[in-house]
> 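The following block contains the structure, expressed as structure tokens.
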Amino acid sequence: MNAIFLEKLSKTYPEGSRAVDALSLSLEPGEVFGFLGPNGAGKTTTVKLLTGMLSPTSGSSRVFGLDPAKTPEKVHAISGIVTEHAQMYDHLTGLENLLFYGTVFGLSPAECKTKSQALLEQLELMDAGDKKLSAYSTGMRQRLSLARVLLHEPQVLFLDEPTSGLDPESARDIHALIRSLAQEKGTTVFLCTHQLRYAQEICTRYGLMDKGKLLAEGSLSQLRARVCPGVTVKLRASGIPAGLFDQPQKGDMLELAVSGEQEIPQLVRRVVEAGGEVYHVSAQLPSLEDIYFKLTAKETND
Ligand SMILES: Nc1ncnc2c1ncn2[C@@H]1O[C@H](COP(=O)(O)OP(=O)(O)OP(=O)(O)O)[C@@H](O)[C@H]1O
Ligand SMILES: [Mg+2]
């Protein structure tokens, strides 16, 4: 069974904006899916559809076989959902909030306490556990809302920009936590994010959205092959005769685009045979950011 399945899922808001347009996608259990795209692309709307917070205009979706439009409570029972504006109780402390939500998810009081304390520790909120939420900073709230959704050990996590507002250390720790949940517990993760560098580190697959449509989908190597094929070779060398390559040399640096790493030895040989001295060669594969910009620029041009 797919962990997440969308078939021509569409949502048009009453005011007429088509936020999600015939989106089809399927995720296997244990995948960490990076859902990327500019502001207004339709990411949050998709998460809301998948978690039953909105009903689709047409099309359908399933989360481990459950239809969020028909049985949202069943989807919530197996999901952990972090949205941009996590709702918790300001007049309760961090620990009290966790104990409350743990009970809602059917954990026993003893289980609630053990898990809450372990999560507070894991998310570095030990000192804040006894503070009222009204005194929490944005980052502390964000971390507590992650603790809250991890209490019942969900099979699937929907994380809508879980690290927005976090300092770099916390963002790094949360990404490490997401990766370890997927690797050690097999949790499926649907992650909406603008942090492409972290997404490249932790996601197994990506979907790139713009204006409600999926522009491309696949693993990093699949996206590289489809969107930005080839390798950029940076060469530091002296004595390369002018005109050996079409590309201009900047000082002793030469940057060349080749179709694959297999072309590098031949390239170096060509420089050496022409009398050049090679000091350094590096091959650079396109990053997720390169792919993102290429796809969104193409979309803008189209
Ligand atoms: N409640 C709403 N009513 C009407 N239009 C909405 C509503 N929520 C979102 N939209 C519109 O739907 C489109 C998609 O918005 P959505 O919030 O899903 O984008 P997003 O990809 O999550 O963007 P961001 O990166 O800014 O979070 C936008 O054009 C937005 O203006
Ligand atoms: Mg959003």
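Quick caveat, the model's predicted, so the values are computed rather than measured. One-based numbering, in listed order, for ligands and for the atoms of each.
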> Consider only side-chain N and O atoms of D173 and S170, and report whether a donor and an acceptor are under 3.5 Å apart.
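No.
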
> Is ligand 1 less than 4.0 angstrom away from at least one heavy atom of H194?
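Yes.
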
> Which one holds for E161 and ligand 1: side chain close, backbone close, both close, or neither close, with close meaning a heavy atom under 4.0 Å?
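For E161, the contact with ligand 1 is made by the side chain alone.
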
> Which of the numbered atoms in ligand 1 are below 4.0 angstrom from a heavy atom of A19?
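The list of qualifying atoms is 12 (O), 13 (C), 14 (C).
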
> Look at the rings of F158 and F190 and say which category their plane angle falls in: under 30° parallel, 30 to 60° tilted, over 60° perpendicular.
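Plane angle between 30° and 60°, so tilted.
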
> For Q262, I'd like to know if atom CD has over 12 heavy atoms of other residues, nucleotides or ligands within 6.0 Å.
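Enclosed.
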
> So which heavy atom on M140 is nearest to which on A128, and how close?
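In this case the closest contact between M140 and A128 is CE-CB, 3.6 Å.
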
> Determine the sole option in K213, K8, K211 for which the side-chain hydrogen bond (donor to acceptor under 3.5 Å, both in side chains) test with D21 is passed.
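Among K213, K8, K211, the one meeting side-chain hydrogen bond (donor to acceptor under 3.5 Å, both in side chains) with D21 is K213.
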
> So which heavy atom on T188 is nearest to which on P29, and how close?
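Looks like OG1-CA, 3.4 Å.
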
> What residue and atom, counting heavy atoms only, is the protein's closest point to atom 26 (O) of ligand 1, and at what distance?
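Checked against all protein heavy atoms, atom 26 (O) of ligand 1 sits closest to N39 ND2, 2.9 Å.
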
> Is the contact between E15 and ligand 1 made by the side chain, the backbone, both, or neither, using heavy atoms and a 4.0 Å cut-off?
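It is the side chain that touches ligand 1; the backbone stays farther off.
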
> Could you tell me whether Y13 atom OH has more than 12 heavy atoms of other residues or ligands within 6.0 Å of it?
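It does: Y13 OH has more than 12 such atoms within range.
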
> Any N/O/S atom from T44 (main chain or side chain) under 2.8 Å of the Mg ion (ligand 2)?
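Yes, T44 qualifies, because one of its backbone or side-chain N, O or S atoms lies under 2.8 Å.
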
> I need the minimum non-hydrogen distance between C192 and V47, along with the two atoms involved.
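So the minimum-distance heavy-atom pair works out to SG-CG2, 3.5 Å.
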
> Of all the non-hydrogen atoms in the protein, which one sits nearest to atom 10 (N) of ligand 1, and at what distance?
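The closest heavy atom on the protein side is Y13 CE1, 3.2 Å.
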
> When you measure from atom 23 (O) of ligand 1 to each heavy atom in G40, G42, A41, which option holds the nearest one?
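Answer by nearest heavy atom: G40.
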
> Heavy atoms of the protein only: does one fall short of 4.0 Å from atom 3 (N) of ligand 1?
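Answer yes: something from the protein, a heavy atom, is under 4.0 Å.
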
> Evaluate the side-chain proximity of F105 to L151: yes if any heavy-atom separation is below 4.5 Å, no if none is.
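L151 vs F105: side chains apart.
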
> Answer yes or no for atom 30 (C) of ligand 1: protein heavy atom present at a distance under 4.0 Å?
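So atom 30 (C) of ligand 1 lacks protein heavy-atom neighbours under 4.0 Å.
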
> Which heavy atom of the protein is the closest neighbour of atom 17 (O) of ligand 1, given with residue, atom name and distance?
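For this ligand atom, the closest protein heavy atom is T44 CB, 3.7 Å.
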
> Nearest protein heavy atom to atom 25 (O) of ligand 1, by residue and atom, and its distance?
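In this structure, atom 25 (O) of ligand 1 has K43 NZ, 2.7 Å as its nearest protein heavy atom.
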
> Which of the numbered atoms in ligand 1 are under 4.0 angstrom from any heavy atom belonging to T45?
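Those qualifying, in numeric order: 14 (C), 15 (O), 16 (P), 18 (O).
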
> Pull out every atom of ligand 1 sitting under 4.0 Å from any heavy atom of S17, numbered as shown with elements.
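Near S17, meaning under 4.0 Å from one of its heavy atoms, ligand 1 has 11 (C), 12 (O), 29 (O).
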
